[in-house]
Protein chains: 4
Amino acid sequence: MTQTESIDHPQQAARRALVEHRSRQLLDAAATLMEREGSEAVSMQALATEAGVSVGLIYRYFGSKEDVLYAVIVDVLDALATALPAALEDAPQDPVRRLAATFTAYCTVIDSHRHSTLLTYRESKSLDAERRERIKDLELETAQPLMGSLRDGVSEGLLVTDDAELVAYDLILMAHAWALKSWYFTKTRDLESYISSQLALALRGIVAPKHRSRYADLLH
Amino acid sequence: MTQTESIDHPQQAARRALVEHRSRQLLDAAATLMEREGSEAVSMQALATEAGVSVGLIYRYFGSKEDVLYAVIVDVLDALATALPAALEDAPQDPVRRLAATFTAYCTVIDSHRHSTLLTYRESKSLDAERRERIKDLELETAQPLMGSLRDGVSEGLLVTDDAELVAYDLILMAHAWALKSWYFTKTRDLESYISSQLALALRGIVAPKHRSRYADLLH
Amino acid sequence: MTQTESIDHPQQAARRALVEHRSRQLLDAAATLMEREGSEAVSMQALATEAGVSVGLIYRYFGSKEDVLYAVIVDVLDALATALPAALEDAPQDPVRRLAATFTAYCTVIDSHRHSTLLTYRESKSLDAERRERIKDLELETAQPLMGSLRDGVSEGLLVTDDAELVAYDLILMAHAWALKSWYFTKTRDLESYISSQLALALRGIVAPKHRSRYADLLH
Amino acid sequence: MTQTESIDHPQQAARRALVEHRSRQLLDAAATLMEREGSEAVSMQALATEAGVSVGLIYRYFGSKEDVLYAVIVDVLDALATALPAALEDAPQDPVRRLAATFTAYCTVIDSHRHSTLLTYRESKSLDAERRERIKDLELETAQPLMGSLRDGVSEGLLVTDDAELVAYDLILMAHAWALKSWYFTKTRDLESYISSQLALALRGIVAPKHRSRYADLLH
DNA sequence: TATGAATGAGATTTCATTCAT
DNA sequence: CATGAATGAAATCTCATTCAT
């Protein structure tokens, strides 16, 4: 037993590393595939081919296609969970500017996961109730960084709103819209101008009148 | 002969009525089905069962499953095309209040077609390019009433924005969000309060400062 | 009873006439349809539309689709049963020339029923054993006029063959081939030259050497 | 590495062998099925059951039902493309005897693929234009060996005909007829006597009079 | 007699999943 | 651990046939 254990430890570590590596490989393949073929043509066979593995192997790392879809979606939410705090680290203290930085980061992540984002809207059908719930929770968590800056802004008198939740969610929607309605927005805008326009519009609704001049650069 | 004619007309009328009736019955069944099972389980068999007809019959009224989905989606857009002008008829002259009335009507239609609205986001994959294009066009047209009021407001100096298109589209997104994220919003709000909150938020970003007092009721 | 009978007679005659008329109308429609769309696209709906009647009506005159196909096929065989004897009426006494006349008539009927002829080869699948048998019998009967002339020719010493049956059937095949392989033969020939070429070839194999000069016109 | 290579080759060979084996198995099953049920009941389900595999598997080896039908038909034409030249290898130099050998081989192949031959006449409807064209071309190619011997015979003065094409095609028709009208011919003949009778009949029409005695054995 | 709306069995095809190797 | 051949349920669509009007 003890012998087995002491032998197993490095083996288990290796296994975990492999699992990690394979999962990444598959999720990346899924992303690449959707980016290239659209977020629909994701058959297990196509995924296997793209990842350069066999169909059978996918089932050693994901229990079902549902699992894969779930993982792809969670991947985006994970990316947000990582990118949003990271954006705040380099951001100034000013809550409004922190809000701007967070929104910018949000949109940037969505942009680089456009097709995966669509999955959330498109394939939630194939997910069971529990997973759908967990995705909703994770999505709500991505609102927290936005809400934090919003509340700070309000308590410092820079922002005015009695419904920070709604504002935060609207900002998330605006970010998602870049993926959902890219066919429309990309006709006349690039990501950068989309972000600044939406931000200006949103902020004009909540920045306290007497501080508007301070954020002139953001408000227009 | 004249008799035949006068007899024939009712026959053709009857047929047209039947076509109308069946189409409605099937579209309603589709809506009901999606309401109950989620907008996923829309198999032709399920649709037939729900409508209380045979599978074969569906194909007398719709050429394909795609046709059905398209019709369901267009149904919402038609409802909007009817409801938005209607809402403006009873509305006051004031562009801002007309904008508010239009948005309210928009949200109300979306609310009564919540699950059909999801289809646009979920099943556009099964539609061919041409139909997808037509849907986009129809959706863009629903922006016109909003944009009209917006431009009137701007030219009368009541509203300030250099990107009426973006504002209009954001309003549409807000309306769609009621369907897309109803699991979230309905937790704390009903439709009416959702509308007034979103409207207040949006208007605060665009009403000219010197006229804000005039719309105090909408801005809060 | 007697009363009913005496009243019924004209009615029954009228009915029979109607049945006759409808059947013709439907068979003609089937022929037209197959000529235009190919011998495949013969759905009951298409047939009804072509004939200008309702699907339901077809079933008053034919018990099933099988019945219709059977009737179409028999129609060709009937045409042959009529045309072949008719051709012999005007033909000279000479058995060889009578054979030629019969073959010419055979090919001419096949030509005007090309697509119906294909049905015999193509759709015998949908026919039950009994009907298939009856068609075979009728087809064999179309060989009789050919065989009659052949045997006369042999007994008069004009033709030489110990297997009149085979010769007759080969002639029938040649006639059918005009329909079966029209894609090939029509590239380089019209019906008339096809008939004379095949006839020449066939006769060269059976005309008694010493009488060949007598039929020089047919043999070349 | 070299080891991997030497290991890989057998793997690929094994796969090719499997593909070969499955294709054969399926084509044979199709033939058997048609032999037993008639060349009609060729549903994919029936084919799968007959071959002892699942429906899905068929689609790994043939892209569609059309593909299967096409392969079955081409199978016969391939057999002819192989058998006809082979028959000529062992044949004497004499063009007439070579013609006889080719015709005999043709009929023999048709006999062993009787029901598949029917497919060409029966199911060409389900094939698209391009495939139909390719089949016609392949069929025309099977006429070449016949035509070669015919032309040789003509240039050597053994045969007389000004339309070798027609003669060749008639011979093909006679061979096909063994499959098409086996219900008739098998009543009174076996394959061997069918071949010799037809051959005698055909040759009598084209062998030059002064050489008839030389081929007395073939001419009767 | 005539209609044609309605039926439903059956056909083809796809694709997530399993399992022997 | 890895493969990919094999499975079979499910989905869409067609069309001969029926039957109420």
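All chains are named by letter (A, B, ...) in the order of the sequence lines, taking the proteins before the strands, and each is independently numbered beginning at 1. As the structure is a prediction and not an experimental result, all values here were calculated from the model.
- D67(C) is linked by a side-chain contact (heavy atoms from CB on, under 4.5 Å) to F62(C), S64(C), R131(C), counting only residues two or more places apart in sequence or in another chain.
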(request) Determine which bases of DNA chain F form Watson-Crick or G-U wobble pairs with both distances under 3.5 Å, and write the result as a 5' to 3' dot-bracket string with | for other-strand partners. (result) .||||||||||||||||||||
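- Under the side-chain hydrogen bond (donor to acceptor under 3.5 Å, both in side chains) criterion, T49(B) pairs with Q45(B), sequence neighbours left out.
- Under the side-chain contact (heavy atoms from CB on, under 4.5 Å) criterion, Y61(D) pairs with L18(D), V19(D), R22(D), S23(D), L26(D), L57(D), sequence neighbours left out.
- Qualifying salt bridge (charged side-chain N to carboxylate O under 4.0 Å, His left out) partners for R134(C), counting only residues two or more places apart in sequence or in other chains: E130(C).
- H21(A) has its NE2 atom 14 Å from the P atom of dC1(F), to the nearest Å.
- In this view, A46(A) and L33(A), S43(A) satisfy the side-chain contact (heavy atoms from CB on, under 4.5 Å) rule, not counting sequence neighbours.
- The side-chain hydrogen bond (donor to acceptor under 3.5 Å, both in side chains) test applied to R60(C) returns no partner, not counting sequence neighbours.
- Contact of the D75(A) side chain with the R24(A) side chain is registered, since non-hydrogen atoms from C-beta on lie closer than 4.5 Å.
- The side-chain contact (heavy atoms from CB on, under 4.5 Å) test applied to T32(B) returns R36(B), E50(B), not counting sequence neighbours.
- Take the nearest nucleotide of DNA chain E for Q45(D) and for R22(C): the residue whose nucleotide is more 5' is R22(C).
- Between the H113(A) side chain and the V76(A) main chain, no donor and acceptor come within less than 3.5 Å of each other.
- The distance between atom CE of M44(D) and atom P of dG8(F), rounded to the nearest whole Å, is 16 Å.
- For D78(C), there are no salt bridge (charged side-chain N to carboxylate O under 4.0 Å, His left out) partners, not counting sequence neighbours.
- Of all nucleotides in DNA chain E having an atom under 4.0 Å from a heavy atom of chain B, the first and last in 5' to 3' order are dG4(E) to dG8(E).
- Taking every heavy atom of residues 53-76 of chain A and every atom of DNA chain E, pairs under 4.0 Å involve Y59(A), S64(A), K65(A), by number.
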